[in-house]
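A short write-up of the structure that comes next.
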Amino acid sequence: MGRVMLDMLSVQKRGLPWTEKHAKAFWRGRDARRERLELVALSRRYPEMLNASLTNFFFFRDEESEFGPRVAHISMHDFFDYRYQVNVDGTVAAYRLPYLLAGSSVVLKQDSFYYEHFYRKLVPMRHYIPFEADLSNLVRQIEWARENDEKAKEIRDNANAFINANLLPLDIYCYHALLFKEYAKYIVSPIQVQPGMEKIEQPEESYHCPCERTTLPRDEL
């Protein structure tokens, strides 16, 4: 992510205007999951619908001759020259998803058992277009997006609104503050301030986070 600021606002309204965007789905990334290799193979079968390539090989180096060659990194800002963004998980949930949802393209998200804290608020076909974990219906979902242009833009706009309401920097700070506050309840050993550390005294009165979030989902810890 060194090629884009870690701030939702940095990717908003990037890329070409919708009517000038390439009417294809786009993906770049490393080989962190078998489905990413399969995504490249799918791109070769349907080049008019999907542009997907690998930027690095680490997990499947012995298959680079089949799924390579690797291509150069490009700025995430340039991702949004394409109308449809494909989100495929890697070794964990793909951390690019919030940035894709904040951009000017519509997101197609892989079904997965990995998740981040905000996933529970996302609604399929409202904030993103879902596709099966094995990519079996990805091409069909891209076709749907191309045939339902206004609905695709509506999903894109809903995603942008979701980001602005839930994942701006203040919301992320608020989430982590609540997370650490909840985590502190489980600490049983005496807290020791080690050399080089600075103890930050807490206000006597209860602090109320300005965001709407007041509790964490129970499965987060």
Side-chain angles (χ1 to χ4, degrees), residues 1-33 35-40 42-43 47 49-59 67-110 112 114-119 121-122 127-131 135 138 141-142 145-146 152-173 175:
M1 295 300 290
R3 295 170 295 280
V4 61
M5 287 178 57
L6 293 180
D7 184 330
M8 295 300 108
L9 301 178
S10 71
V11 295
Q12 291 186 350
K13 307 304 180 185
R14 295 288 184 152
L16 298 170
W18 182 267
T19 56
E20 298 177 23
K21 291 179 185 290
H22 303 296
K24 294 183 180 181
F26 184 84
W27 183 86
R28 288 289 186 276
R30 65 173 185 160
D31 64 333
R33 191 178 181 89
E35 286 87 340
R36 292 185 171 194
L37 275 64
E38 295 172 357
L39 183 64
V40 172
L42 203 61
S43 176
M49 303 187 67
L50 176 61
N51 181 338
S53 295
L54 291 158
T55 57
N56 196 13
F57 283 84
F58 179 81
F59 296 92
F67 295 100
R70 67 185 73 184
V71 299
H73 289 279
I74 69 170
S75 169
M76 180 170 280
H77 295 153
D78 294 331
F79 283 25
F80 301 109
D81 287 344
Y82 292 78
R83 289 186 187 178
Y84 319 112
Q85 300 298 319
V86 179
N87 188 82
V88 176
D89 287 334
T91 53
V92 293
Y95 57 74
R96 73 180 67 184
L97 180 58
Y99 304 92
L100 296 181
L101 292 171
S104 58
S105 304
V106 65
V107 176
L108 294 102
K109 181 187 176 302
Q110 178 191 31
S112 172
Y114 292 124
Y115 69 95
E116 293 191 74
H117 70 275
F118 60 90
Y119 280 22
K121 290 187 175 182
L122 291 174
H127 300 117
Y128 65 90
I129 300 170
F131 62 91
L135 316 188
L138 175 57
Q141 293 297 69
I142 297 172
R146 296 175 75 171
K153 288 191 290 184
E154 179 183 332
I155 294 173
R156 184 272 313 270
D157 293 342
N158 290 340
N160 289 176
F162 175 87
I163 292 296
N164 289 330
N166 296 280
L167 292 179
L168 293 184
L170 177 61
D171 300 298
I172 300 301
Y173 283 125
Y175 170 78

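Numbers here simply count residues along the sequence, with the first being 1.
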Considering all heavy atoms, the nearest Asn158-His127 contact:
O-CD2, 3.5 Å
Taking C-beta and beyond as the side chain, do Phe26 and Arg83 meet within less than 4.5 Å on heavy atoms?
no
Would you confirm whether Asp171, through its side chain, and Leu168, through its main-chain N or O, come within 3.5 Å as a donor-acceptor pair?
yes
Of all the heavy-atom pairs spanning Gln85 and Phe79, show the shortest one and how long it is.
NE2-O, 2.7 Å
With a 4.5 Å cut-off on side-chain heavy atoms, are Thr91 and Phe59 touching?
yes
Please check this pair: side chain of Asn160 against backbone of Gly103, looking for a donor-acceptor N/O pair closer than 3.5 Å.
yes
Considering only heavy atoms from C-beta outward, does the side chain of Asp31 approach that of Asn56 to under 4.5 Å?
no
Taking Arg36 for its side chain and Gly29 for its backbone only, find out whether a donor-acceptor pair lies under 3.5 Å.
no
Any His117 side-chain heavy atom under 4.5 Å of Leu167 side chain
yes
d(Leu101 CG, Ile155 CD1) to nearest 0.5 Å is 11.5 Å
Do the non-hydrogen side-chain atoms of Met49 and Tyr84 ever get within less than 4.5 Å of each other?
no
Phe80 side, atom CZ; Tyr99 side, atom OH - distance, nearest 0.5 Å
11.0 Å
Closest heavy-atom pair and its distance - Lys153, Trp18
CG-CE2, 3.3 Å
For the residue pair Gln141 and Lys109, establish whether any side-chain heavy-atom pair is separated by less than 4.5 Å.
no
For Phe118 versus Phe162, what's the shortest heavy-atom pair and its separation?
O-CZ, 3.9 Å
May I have the step-by-step check of side-chain contact (heavy atoms from CB on, under 4.5 Å) for Ile142 and Arg146, ending in yes or no?
CA-CA 6 Å; Ile142 297 172; Arg146 296 175 75 171; 4.0 Å; yes
Are Trp27 and Leu39 side-chain neighbours, meaning at least one heavy-atom pair lies under 4.5 Å?
yes
Shortest non-hydrogen pair, Val88 vs Ala94, comes out as O-CB, 3.7 Å
When you measure from the side chain of Gln110 to the backbone of Pro130, do you find a donor-acceptor pair of N or O atoms at a distance under 3.5 Å?
no
Heavy-atom pair with the smallest gap, counting every atom of Ser53 and Val71
CB-CG2, 3.6 Å
How long is the gap from OG1 on Thr55 to CD1 on Ile74, to the nearest 0.5 Å?
10.0 Å
Tyr114, OH: over 12 other non-hydrogen atoms inside 6.0 angstrom:
yes
Rounding to 0.5 Å, atoms NE2 (His73) and CG (Asp78) come to a distance of 14.0 Å
Between atom CG of Leu100 and atom CG of Leu108, what is the distance when rounded to the nearest 0.5 Å?
10.5 Å
N/O donor-acceptor pair under 3.5 Å between Lys24 side chain and Tyr82 backbone:
no
Are the side chains of Lys21 and Ser105 in touch, meaning some heavy atoms are under 4.5 Å apart?
yes
Can you tell me how far apart CG (Leu97) and CG (Asn87) are? Round to the nearest 0.5 Å.
4.5 Å
